[in-house]
Amino acid sequence: MAKPISRHVPLIIGNWKTTPATREEAVKFVKGLDRKITTGKYKLPRRAYYLAAPDIFIPHLKAATKNGYIGSQNVSGTSLGQTTGQTIPSQLLSGGADFTLIGHSEVRATGETADARAHKVALSLQAKLMTVLCLGEHERDKGGKYLQELEDDVKHALSLVKRDLFEYLVIAYEPVWAIGAKTPATPQECFEVVIALRRALATLGGIDYAKKVHILYGGSVLPENAKSFLEEGGVDGLLIGRASQDVQDFYTIISSCH
Ligand code: PEP
């Protein structure tokens, strides 16, 4: 069973999406990354990164890495039984996953509803699988209504969750307009959202429980801008798409953030 994560370490999570093409490439990547982590000039924690990989690679990557945590990019909201083609949280845990993403905007774009996402989050947390709930606005309005919408969204996504499971929860703020884009949010824009999300968490679970939840930023994070989100954006880590698919870029982000 997964242990609750420590708040002292920045959480640097790569989202590999549907890359790489083969198991051999995936294993070569983590071995190369581990080598940089253990022999590079920066002293990094033994477990310095998280990778959300295609499910089929998880056991192979777990066997190959000593320096990373390996997870999934989604879970099924079905339960044990007669449903074809789905993987439920307890199976992911048993297969070696250390964590999962839920509600990534690319999954939401395929039709995942807010209710379905809330259900998946509840199942995943009940299984005590570290759960990275992704959310973010499609666009911003000048009056700042999106902030209230994000607060409402996080409350809805966690509406089926008991607050004592918050220690397994991570929230990734990913403005949809910044994912796969040229320009990220600014650290200041990110900071305003972090305050709104913490307020929503405190309303749900009280301040002590709200403090336990890591909040990450994701959306066009690059080696050049990664650290600024931790220093000025008020986040506890990052969720990284494209730049996590290149060993050197991902290593530079990991080492600059630690
Ligand atoms: C993502 O897919 O979660 C993401 C943040 O992508 P990118 O870093 O490529 O914008």
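All ligand and atom numbering here is 1-based and tracks the order in the structure. Below, all heavy atoms of this structure are taken into account, side chains as well, without hydrogens, waters or symmetry copies.
- Counting non-hydrogen atoms of neighbouring residues, nucleotides and ligands closer than 6.0 angstrom, the NZ atom of K155 exceeds 12 such neighbours.
- There is no side-chain donor-acceptor pair under 3.5 Å between Q245 and K17.
- Think of I195 as one node in a network of Ile, Leu, Val, Met, Phe, Trp and Tyr side chains linked at under 4.5 Å; its network also takes in F191.
- Heavy atoms of other residues, nucleotides or ligands lying less than 6.0 angstrom from CG of L222 number more than 12.
- The two atoms that bring R163 and Y209 nearest to each other are O-CD2, 3.0 Å, heavy atoms only.
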One line per pair, note the atom names and distance for all nitrogen or oxygen contacts under 3.5 Å between ligand 1 and the protein.
unit_1, atom_1, unit_2, atom_2, d
ligand 1, 2 (O), K17, NZ, 2.6
ligand 1, 2 (O), H104, NE2, 3.0
ligand 1, 3 (O), H104, NE2, 2.8
ligand 1, 3 (O), E174, OE1, 3.1
ligand 1, 3 (O), E174, OE2, 2.8
ligand 1, 8 (O), G241, N, 2.9
ligand 1, 9 (O), R242, N, 3.0
ligand 1, 9 (O), R242, NE, 2.6
ligand 1, 9 (O), R242, NH2, 3.4
ligand 1, 10 (O), G180, N, 2.8
ligand 1, 10 (O), S220, N, 2.8
ligand 1, 10 (O), R242, NH2, 3.1

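- Ring centroids of F29 and W16 are separated by less than 6.0 Å, placing the two rings close together.
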